[in-house]
Amino acid sequence: MPFAWNLPYLSVFLTMITAILLSVIPGAKRAYWITVCVSAIVTVMSLCFLAFIVKADTAYAFTMGKFPAPFGNEIRFGPLQGLLTSVFAAVMCLSLLGGREELFEDVDPKKMGLACVMFNMVLASLLVLTYTNDAFTAYVFIEISTIAACALVMIKDSGPTLAATIRYLFMSLLGSGLFLFSVILLYAITGHLLMPQLHDGVSMLMADGSYTKVLALLLGMMTAGLGVKSAMFPFHRWLPDAHGTATTTSSAVLSGLVVKGYAVLLITMYCRVFTLETVRAFHIHDAVFVLGFCGMILGSVMAMRETHAKRMLAYSSVAQLGYVFMGLGLGTPAGVAAAVFQILAHAFTKPLLFVSVGRLASTVGHDKQLRSLRGAAWSCPLAGLGFGVGALSMVGIPLFGGFAAKVNFSTASIFGDEKVALTLGVLALSSILNALYYIPALINIWSEKNPSVKDAEKDYTATAAIILLALGVLFLGVCFTPVMNLIVRGLELM
Amino acid sequence: MLHTIIENRFAITAVILFVTGFVNMMVHPNLIKKVVSFNIMDSATFLMLASRGMIAGRTAAILTDGGADPSLYVNPIPAGLVLTGIVVSVSVSAFSLALIQRIYGVYGTVDMRELLEAMKKKGE
């Protein structure tokens, strides 16, 4: 076994051990920089691993502990997992850098260490949700991710964030309860928890037609459970409050990454355990498609009515996650690949938007009403440009990641056998709706400078974060064919 | 019919408990009762899981005098899973209760509707 195959395990271990150590290490700045370094190291490790696994063109199941399958625990990784974790870790690092100033203002210095524990825990759970090959481990890390994500909302410690956290927490608990119950049902009818064994069990049951009702029920519960957690319409009500009120870094991490972890797990369950044929046989994909469809339209409509910049971005996340579910709902490998691409594109774009809005708002005393941000871009032109890149990508202008995602969805629907007109229609409609609120917001921040607005203070880390996130969006928009090939190969090796 | 019910008594109880917990968690405005409902929901899954591992006439999988014959013991994996699940559920409950305490400190209520009204009054 080459040493590189240890990197996924080591990256999980590093983040978890850092989280534990940070709870006793004093000093706000130290804790923050340790967290930034750890996420940077994990990015490098994941990229190295990605390079090796792409070269080897294989997927590998790594036994955790001394018990082999089917008793022990495993992680399984291929090119897709390497790609996803590289992006997740990189975006985590950039979000931390981008929201640094506001993070230190919003969080009590004595509690900074604990906040950093939560950032590390979120990263660890994202890595595990991507790598894991065991359904029960997935459940445990879903709960870890829930607690850590809720803590990230409440670190600002103001009234509205507390209320948003409790709503987020209870919705999340409903979701994880559904997921747990479906995993237990799956265990009851197959006798396994490791995904390859589950896959064999499910195919056997599907072949002889027994327990099909239970299978349909648990598949629906699992989809609904993970759907609640990744803000699938109509379970999205918690998201705007939670993502809109939190501090900039938390909003970027929650919108860009945390909700994606559950979507990735759902994709893994669909592809590795149930297979897309089973999902299609129970028509679960139709339900997912319809909910994704509604989310795309209604998320944008609600974003249009918002006057608060961060809540507008949060509603836009509901719409963007709708795209992911629409892709899954096509029920074809191409649709799933397009959904994965959308996860990556949105993981760069949304944190870019949140970080830019955070920077722009810092010039007007952290007032995030769109009205107050009028002309703010002139006092911090780079953040204005960053917002521009993000907004144009969301609308779907060529050369940006969002455009490539829309192209992928269209291609996937045309080569599928159903829902072509619906998909193309909703893509067009959603692009128009996105334009209807992103373009006015963009014009608003670049309109004539308000003389009372002071120039932004220099913040090199935020500058670097905005530039790198924007480069990520451009990279996905320009080089989308190799990325797509990698995703498709990764899904085949799932 | 009766035979089926008796045979599946644990599963049926678990489903009833799960639905009770689930519905209460969705509709009950009292935050503390939401936490209680969440615990009922989790207990239902643990009951379901533990009953799946039970094999009549066998004992817990603890080696005492070196008798390693697997046919003597019940399936120990569900027990391990239940233990893990309990740990998760305890930490989530603790977190929720601490959060509710903070909310009570700020808004003076543990009722979701009153909380939303109090927020509206404050203009948040």
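Residue numbers begin at 1 in each chain, while the letters A, B, ... track the order of the sequences.
The two residues M119(B) and A163(A) have their closest heavy-atom pair at SD-CB, 3.3 Å. When all heavy atoms are compared, the tightest approach of M112(B) to I166(A) is CE-CG2, 4.2 Å.
Comparing A14(B), G85(B), P78(B) by how many heavy-atom pairs each has under 4.5 Å with chain A, the most go to P78(B). Counting heavy-atom pairs under 4.5 Å between each of D157(A), L174(A), L185(A) and chain B puts L174(A) at the top. With respect to chain B, the highest number of heavy-atom pairs below 4.5 Å among V140(A), I144(A), L178(A), V183(A) belongs to L178(A). Most heavy-atom pairs under 4.5 Å with chain A: of the set L116(B), T45(B), I100(B), this distinction falls to T45(B). Interface check for chain A: of the options D42(B), L49(B), V106(B), the most heavy-atom pairs under 4.5 Å are formed by L49(B).
Within the 4.5 angstrom heavy-atom criterion, only side-chain atoms of R52(B), from C-beta onward, approach chain A. Contacts between V35(B) and chain A at a heavy-atom distance below 4.5 Å involve backbone atoms as well as side-chain atoms. Residue contact with chain A, scored on non-hydrogen atoms closer than 4.5 Å, involves the side chain of F38(B) exclusively. Interface residue L193(A): only side-chain heavy atoms are found under 4.5 Å from chain B. The contact between V92(B) and chain A is made by backbone and side chain atoms together, counting heavy-atom distances below 4.5 Å. With a 4.5 angstrom heavy-atom cutoff, L169(A) touches chain B only via side-chain atoms. For L115(B), the part sitting under 4.5 Å from any heavy atom of chain A is the side chain, from C-beta outward, and nothing else.
Between M221(A) atom CE and F22(B) atom CZ the span is 7.5 Å, to the nearest 0.5 Å. For the atom pair L173(A) CG and S37(B) OG, the distance stands at 11.0 Å (nearest 0.5 Å). Expressed to the nearest 0.5 Å, how far OH of Y187(A) lies from CG of L81(B) amounts to 6.5 Å. Interatomic distance, CE of M48(B) versus CG of L180(A), reported as 11.0 Å (0.5 Å rounding).
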Notebook entry, point to check: For V88(B) and F141(A), what are the C-alpha separation, side-chain angles and deciding distance, and is it a side-chain contact (heavy atoms from CB on, under 4.5 Å)?
Noted result: CA-CA 10 Å; V88(B) 171; F141(A) 277 86; over 6 Å; no
For this session: Using the side-chain contact (heavy atoms from CB on, under 4.5 Å) rule, take F170(A) and L31(B) through it: C-alpha gap first, then chi angles, then the decisive distance, then the call.
Result: CA-CA 9 Å; F170(A) 284 133; L31(B) 296 175; 3.7 Å; yes
Check step by step if side-chain contact (heavy atoms from CB on, under 4.5 Å) holds for V15(B) and F181(A). CA-CA 9 Å; V15(B) 169; F181(A) 204 75; 4.2 Å; yes
TODO: Start with the C-alpha distance between T146(A) and F95(B), add both sets of side-chain angles, then the distance that settles side-chain contact (heavy atoms from CB on, under 4.5 Å), and finish with yes or no.
DONE: CA-CA 11 Å; T146(A) 303; F95(B) 181 79; over 6 Å; no
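Enclosure of atom CZ in R58(B) by more than 12 non-hydrogen atoms of other residues, nucleotides or ligands within 6.0 angstrom is indicated.
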